[in-house]
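Accompanying notes for the structure given below.
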Number of protein chains: 2
Amino acid sequence: MAITINDIAKKAGVSLATVSRVLNKSPHVSDTARRKVEQAIREFNYIPSAYARGLSRNQSNIIGVIVPEITNPFFSEVITGITEIGDKHNLNALFFNTDESIDKERRALRILQEYRVRGLIITPVTGENRYDREYIQLFENLNIPIVLVDRDIRNSDFTGVYFDDYAALFKPTSLLIENGHKDIVLFTGNPDHIVSKRRLEGYCDAFSAHQMAYNPKNLIPCDFSMESSYNLTRKLILDHNLPTAFIGMTNMLSLGCLKALYEFGISIPDEVAFVGYDRLDVQDVFNMHLTLVEKDAKEMGRKATELLYDKIMGKKTSTRTILTPQMFIRGSERFPSSDPNLRIF
Amino acid sequence: MAITINDIAKKAGVSLATVSRVLNKSPHVSDTARRKVEQAIREFNYIPSAYARGLSRNQSNIIGVIVPEITNPFFSEVITGITEIGDKHNLNALFFNTDESIDKERRALRILQEYRVRGLIITPVTGENRYDREYIQLFENLNIPIVLVDRDIRNSDFTGVYFDDYAALFKPTSLLIENGHKDIVLFTGNPDHIVSKRRLEGYCDAFSAHQMAYNPKNLIPCDFSMESSYNLTRKLILDHNLPTAFIGMTNMLSLGCLKALYEFGISIPDEVAFVGYDRLDVQDVFNMHLTLVEKDAKEMGRKATELLYDKIMGKKTSTRTILTPQMFIRGSERFPSSDPNLRIF
DNA sequence: TTGAAAGCGCTAACAT
DNA sequence: ATGTTAGCGCTTTCAA
C-alpha cells in the first residue's frame, strides 16, 4: 500500500490536519511544522491520492475535452491551445476522441461524469439526429459548465467559440468572382448541418452582392471526408465538367480536391483556381501559394479554455464568441490562364 | 450534492451492498433485486463516483499516456492506436503532451501518480541529461508497468516498442548507393541520441557493405525540428554545396529539407534525390512519388497498449518489440538527370 | 442471496 | 497554530 498522509504525520510528529494544511498551502502553519512535514514528504516520496482528495472535496480539477478526430491537425492544434491555458489555471484535461461516433461520445461523457469533471470542452460529432431535444438533454444533464468548439448545437444556448463561417465563405467567393469566376464548385458537406448552412449563405450572398446568380449544380453535397471530395473532384474531371474554380470548405475537403487535381496534373491556377477555408499543412510546408481563409485553431483552444475557466469560476460569459479567420491571398485564386507563369503545382 | 449509492439503495429497498453488487455485475444478486436497483439507477440518473471507487479499491482503470508532441502526425496516430486497444480492455487514457519539455514531463508523471494509474505509455522527451541514473529512477519509482514508445532510455530495461532504426537507414542508404549516389547528406539530429546512433550505424554500414566510404561532412548534426533541417538545407543550397541525395531521418527533418528544396525550385529527382524515414502527409495527399521507409504509427500504439495490458495483468512480456518499417520505392531516389521526365515537384 | 460495518486517504469544521 | 473528528461514496469482508 502506498504512503498516506498518516505516515507523514507520524514521521513529522504532527497531526494529519497539519500535513493537510501544508499540502494545501494553508498559511496557518508554523515554519517548524512546515519544514518537518516537507522533509517527511520528501523522504517518503509521498504523493497524495487524487481519489481521497476528490472524494472529500467532492470535486476535481479535471476538465473533459472531447474532439471528433485527433488526427485532424485542426483539432490537435486546438488541444495544444487548451492545455496551454489549462496548465495556467491548474486544470488537467481528460481527452477523448470520438471518431465522429456518437456512441464513443456517449461513453466519453459517461466517464467524465464518473470523474466529476469541473467542465467540458467539446466539439460534438456531426450526425443526423443530433439535434433532438434528447441530444441536448444529454449535455444539460451534465450540470457542469460547457464550452462548444467550432460546432454549434442547434436550438441550444451553450457557450461556444466559433469562426465566422459566413465571412469565411463570403470573402473568398467574392474574391473569386472579382477575378472573373462564375463557375465555382463548392463541396458543401451535409447542407443541413448548421455549420455548412452559414458557409453556404456566405457563398450565395457573395453572388448576390455582385449581382450574379450561382449555378445550383455547383453546390455539391458530400460527407466531410477527404475521400469524399477526392472522388467527387475526380468525377468532375473524368466527366469533363471542370469548373473554373473550387472552394474547399474544410481542410479535409480541400485536401481531397487538391489530391485529385494533382493526380491528373491539372495545375493551379493555370487550369483551375482554388481557395480553401482552414489552414493546410501543405501550404505551411511548401508555400504553395494557396489562397486560404485561415483559422487559428490554437487560439480557439485557448479562448474556449478561458471561457470555461470563467464559467467554472462563476463568471458570466458571452454565449457566442466569434473568431474571425483571416484571408491570405497568395495567387491560387486567379482566373485560369490569366498568368501562365504562376504555377502552384 | 449528487445522487449516491445510498439514495439508490433506499429507493430500491435494498442495502447499499446489493447496489454495489449490481454495479459490479456480481452474480450473487437475485433477479428481483437487480431489476429494482437498475430501475432506481435509471430513474435517478445515477452515476457512480470514480473517486469513491478509486479510493476504496485503491486503484483506477486509467493508464497514463505521455507524448512529446501531439501536433506531430506520428504521435496523433500512435494515440489512435492506443485508444483503440484501451477501449477494448476498458482502460481510459489520461494524455499529456510534453512539448519536449522535461519539466512538463515531470508534472505529468506527478499527476499520473496522484491518479494511481495502472500503467504508463510514454515517449520520453529527448534531451541532454536524460540518461542519468536519476532520470531512470523517476520512472522506476512509479512502480507501475511502463511501456516505452519509439524512444529508448539508455541503460534501462523497460519494455518498449521500437522501429528497426538500423534497417530503416541501411535500406534507403543502400538503395541510393545502388542508384549511383555517393554524396548523400544526412541530418543526424543529436548524434549522441540513442535513436540517432542506430540510424547512423545503418547509414555507415550501408557504405561499408558496398565497399565505399562516406564523406563525414555529409553527416550534419542538428536538432530535431523542421526549422533546423530547413535552414541547413538552405545553407547548402546557398553555398552551392548541394549533394546528389538527401536522407530525411525523421518526418520533421524531411519536411524542412523538402521545404527548402521546393522554395528554391530544386526539383526531385532531376536535380537532387530524396528518401525519407517515416510517413509524410504530403505523400499521402499528393502521391509525390517520394521514396519512404514508413512507420506504422497506429500499429505501434496498438502494440504498446497490448504489451501494457499484459504487464498489468501480470503476464511476462518481452523487453523489446521491434517493428519493421517498410520501404516504398516510388522514384525520388533516382540519380539526378537519370530520368528528366520524372519530376516530383 | 443479502445486510452490517469497517475502512480506503483525505478535507474541513470545530475545538483547543 | 495545531489537533480531533466526522464525513466524502464506495468496496469488501464477515455474518446471517
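From a predicted model like this one, the values you see are computed outputs, not experimental measurements. Reminder, nothing fancy here: chain letters follow the sequence lines and each chain counts from 1.
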Inset, instruction - Flag this pair as yes if the NZ/CZ of B:Arg116 is under 6.0 angstrom from the six-membered ring centre of A:Tyr51 and inside a 45 degree cone about the axis; otherwise no. - result: no
Inset, instruction - Nearest-nucleotide wise, let me know which of B:Thr32 and B:Ala52 is further upstream toward the 5' end of DNA chain C. - result: B:Thr32
Legend entry - Whole-Å gap separating P (D:dC8) and CG (B:Leu55): 13 Å
Inset, instruction - State which residues pass side chain to side chain contact (heavy atoms under 4.5 Å, CB included) with A:Thr32; sequence neighbours excluded, sorted by chain then number. - result: A:Ser30, A:Arg35
Inset, instruction - In whole angstrom, give the distance that lies between atom NE2 of A:His28 and atom P of C:dA13. - result: 12 Å
Inset, instruction - Could you go through the salt bridge (charged side-chain N to carboxylate O under 4.0 Å, His left out) check for B:Arg110 and B:Glu105 one step at a time? - result: CA-CA 9 Å; B:Arg110 160 91 195 189; B:Glu105 188 174 273; over 6 Å; no
Inset, instruction - Kindly state each residue pair satisfying salt bridge (charged side-chain N to carboxylate O under 4.0 Å, His left out) with at least one member in residues 84-98 of chain B, sequence neighbours excluded. - result: A:Arg107-B:Asp87, B:Glu84-B:Arg302, B:Lys88-B:Glu306
Inset, instruction - Name the closest nucleotide to the B:Val29 side chain, picking from C:dT2, D:dG9, D:dT2. - result: C:dT2
Would you give me the side-chain donor-acceptor pairs under 3.5 Å for residues 63-71 of chain B, sequence neighbours excluded?
| residue | atom | partner | partner atom | Å |
| --- | --- | --- | --- | --- |
| B:Glu69 | OE1 | B:Asn72 | ND2 | 3.4 |

Legend entry - Which residues share a side chain to side chain contact (heavy atoms under 4.5 Å, CB included) with B:Thr317, sequence neighbours left out: B:Thr159, B:Leu307, B:Asp310, B:Lys311
Inset, instruction - With sequence neighbours left out, write down each residue that passes ring-ring contact (aromatic ring centres under 6.0 Å, His included) with B:Tyr46, or none if nothing qualifies. - result: none
Legend entry - For atom CZ of B:Arg34 and atom C1' of C:dT2, their distance in whole Å: 13 Å
Legend entry - Within residues 5-15 of chain A, residues whose heavy atoms come under 4.0 Å of DNA chain C: A:Ile5
Inset, instruction - Whole angstrom is fine here: how far is it from OH in A:Tyr115 over to C1' in D:dC10? - result: 13 Å
Legend entry - Atom-to-atom span, CD of A:Glu114 to P of D:dG9 - whole angstrom: 15 Å
Legend entry - Exam field: side chain A:Thr18 to backbone A:Val14, donor-acceptor pair closer than 3.5 Å: no
Inset, instruction - Specify the angle, to 10°, made by the local axes at the two ends of the helix from C:dT1-D:dA16 to C:dT16-D:dA1 when five pairs are taken at each end. - result: 30°
Legend entry - A:Arg21 side chain to A:Ser26 backbone, donor-acceptor under 3.5 Å: no
Legend entry - B:Arg151 to B:Tyr162, cation-pi by 6.0 Å centre distance and 45° axis angle: no
Legend entry - Close residues, residues 37-49 of chain A, relative to DNA chain C [heavy-atom separation under 4.0 Å]: A:Tyr46, A:Pro48, A:Ser49
Inset, instruction - Please identify each residue that fulfils side chain to side chain contact (heavy atoms under 4.5 Å, CB included) with A:Lys11, with sequence neighbours left out. - result: A:Ala40, A:Glu43, A:Phe44
Legend entry - Atom pair distance, as rounded to whole Å: CD in B:Gln59 and C1' in D:dC10: 14 Å
Nucleotide N/O to protein N/O under 3.5 Å, stretch nucleotides 12-16 of chain D:
none

Inset, instruction - Mind checking side chain to side chain contact (heavy atoms under 4.5 Å, CB included) for A:Ile111 and listing every partner two or more places apart, or none if nothing turns up? - result: A:Phe96, A:Tyr115, B:Asn92
Legend entry - A:Ser225 side chain to A:Asp223 side chain, donor-acceptor N/O pair below 3.5 angstrom: yes
Legend entry - Distance, rounded to the nearest Å, where B:Arg35 contributes CZ and C:dT1 contributes P: 14 Å
Inset, instruction - Check whether any side-chain nitrogen or oxygen of B:Thr18 sits under 4.0 Å from OP1 or OP2 of C:dT1, and answer yes or no. - result: no
Inset, instruction - Measure the distance from OH on B:Tyr51 to P on C:dG7 and round it to the nearest whole Å. - result: 26 Å
Legend entry - Where at least one partner belongs to residues 70-79 of chain A, residue pairs that pass salt bridge (charged side-chain N to carboxylate O under 4.0 Å, His left out), sequence neighbours excluded: A:Glu77-A:Arg279
